[in-house]
Amino acid sequence: MGSSSKSESGSDGDNSSGGGGGGGGNPPNSASTVFSEGEKVLAFHGPRIYEAKVQKAEVRKNEWRYFVHYLGWNKNWDEWVGSERLMKYTEENILKQQVLDKKQGVDKNPKSGRMIQNKPKSITDAKVDKEDVKSTVTKGKKRKGEAGIEKDNESVEKPVKIQIPSALRKQLVDDWEFVTQRDKLVKLPRSPSVDDIFTNYLEYRSKKDGMMTDLIGEILKGLRCYFDIALPVMLLYKKERQQYREAVVDDISPSTIYGAEHLLRLFVKLPELLAHVNIEEETLTRLQQKLLDFLKFLQKNQSTFFLSAYEGSKASEGKGKRKDE
């Protein structure tokens, strides 16, 4: 994932890691920095809360950002985070941390001090449920402690490679430019929706193969679950969040409202998500082949599934009206 450019990523940079340079700008007028350098804090990482220390505090894009070190973990995990990822180190928040650990089924290993957590189910598991997928989507990479890890016994994450065709990579770049540079949004609800595209693909495969395999059905079910849960967590740009809050209400599934534009963003994130799923090597190879076939199907129907232009956001329309006035 380190090779993915920001134009291919479906995030708005809130969860970017690494020490990258360049503060700048004036502090936001609405609030001053909440956390100070050297302060001990509690930090969210995936579904867990860890003890951390603020090493740097800078203003970036008119927002306070904090470079944190997770106490007891390798410095490779140090990262820049926003204030929404941090909490004050208080008794009340420590209690929240303990409650969350119990919910996640995490226990301390007294010998190594490392956290032990059950592995999530495979995306190809027919019995996968939303809670299992949610745990996989939001947890991020497992942390590795500095001590107690031997190279021979180190758990190896299987690299998952999904080659996105060049035409679809250009689509991702155009998508990024429409939203982040031109203040445009995908008009919702989309037709065809993500669910419609999955149905079309099933029909396409059944006609081509003369039958519908259970594996393809299971993969599409898994992709749908991943999409519905990952969309608000990591597939939206900041400028799209208000639209999401207005469009996805009650028990509506995002896969019935959003279309190919946001579905394609999921494939940028899938290698990161699948790297932590317990899949046998043979099954993983077959899964990669099926995912590539689906991407080729998207490319083949690119003019039908993808919008050629987005609509102006409410914010940009408001600016235009003020200028006209």
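Throughout, residue positions are numbered sequentially from 1 according to the sequence presented.
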Taking [X] for the side chain and [Y] for the main chain, is one N or O donor matched with an acceptor at less than 3.5 Å?
X	Y	answer
Asn74	Asn76	yes
Glu51	Lys40	no
Gln97	Ile49	yes

Side-chain heavy atoms under 4.5 angstrom apart, residues restricted to Ile, Leu, Val, Met, Phe, Trp, Tyr: same cluster for [X] and [Y]?
X	Y	value
Trp80	Leu71	no
Leu231	Leu266	yes
Leu292	Leu298	no

Roughly how far apart are [X] [atom1] and [Y] [atom2], rounded to 0.5 Å?
X	Y	atom1	atom2	value
Leu202	Lys207	CG	NZ	12.0 Å
Arg60	Glu58	CZ	CD	5.0 Å
Lys221	Phe198	NZ	CZ	13.0 Å
Leu264	Arg169	CG	CZ	11.0 Å
Thr180	Tyr237	OG1	OH	6.0 Å
Leu220	Lys290	CG	NZ	10.5 Å

Regarding Gln289 and Arg286, do their side chains bring together a donor and an acceptor under 3.5 Å, going by distance alone? no
Considering non-hydrogen atoms only, spot the tightest contact between [X] and [Y] and give its length.
X	Y	answer
Thr256	Ser193	O-CB, 3.7 Å
Gln55	Asp78	OE1-OD2, 3.6 Å
Val179	Lys239	O-CD, 3.5 Å
Ile197	Gly259	CD1-C, 4.5 Å
Pro165	Gln299	CB-OE1, 3.3 Å
Ser255	Asp228	N-OD1, 2.9 Å

How about NZ on Lys88, more than 12 heavy atoms from neighbouring residues, nucleotides or ligands closer than 6.0 Å, or not? yes
Any Lys/Arg nitrogen of [X] or [Y] sitting under 4.0 Å from an Asp/Glu carboxylate oxygen of the other?
X	Y	result
Lys61	Glu63	no
Glu37	Lys53	no
Glu177	Lys184	no
Asp293	Arg205	yes
Arg182	Glu311	no

Let me know which of His262, Arg265, Lys170 forms a side chain to side chain donor-acceptor pair (under 3.5 Å) with Asp175. Arg265
Does the side chain of [X] reach to within under 4.5 Å of the side chain of [Y], using non-hydrogen atoms?
X	Y	value
Leu86	Val34	no
Tyr89	Glu39	no
Phe306	Asp174	no
Ile164	Leu295	yes
Tyr226	Leu274	yes
Phe267	Leu223	yes
Gln243	Leu188	yes
Lys56	Val68	no

According to the interplanar angle, ranging from 0 to 90°, do the rings of Tyr50 and Tyr70 count as parallel (below 30°), tilted (30 to 60°) or perpendicular (above 60°)? perpendicular
Kindly assign one of parallel, tilted or perpendicular to the pair Tyr258 and Tyr244, based on the angle between their ring planes and the thresholds 30° and 60°. tilted
Run the side chain to side chain contact (heavy atoms under 4.5 Å, CB included) check on Asn93 and Thr90 step by step: do they pass? CA-CA 5 Å; Asn93 289 335; Thr90 63; 3.3 Å; yes
Arg224 NZ/CZ over Phe227 ring centroid, <6.0 Å and within 45° of normal: no
Begin from the C-alpha positions of Leu307 and Arg190 and carry the test side chain to side chain contact (heavy atoms under 4.5 Å, CB included) through to its verdict. CA-CA 9 Å; Leu307 289 173; Arg190 281 288 285 115; 3.6 Å; yes
What's the verdict on side chain to side chain contact (heavy atoms under 4.5 Å, CB included) for Gln302 and Leu168, showing C-alpha distance, side-chain angles and the deciding distance? CA-CA 8 Å; Gln302 191 169 357; Leu168 294 183; 4.1 Å; yes
Given Arg85 and Glu79, is the salt bridge (charged side-chain N to carboxylate O under 4.0 Å, His left out) satisfied, shown in steps? CA-CA 11 Å; Arg85 292 264 305 273; Glu79 61 178 338; 2.7 Å; yes
Would you please test Thr283 and Thr285 for side chain to side chain contact (heavy atoms under 4.5 Å, CB included) and show each step? CA-CA 5 Å; Thr283 305; Thr285 302; over 6 Å; no
Suppose we call two aromatic rings close when their centres sit under 6.0 Å apart. Are Phe305 and Phe297 close by that rule? yes
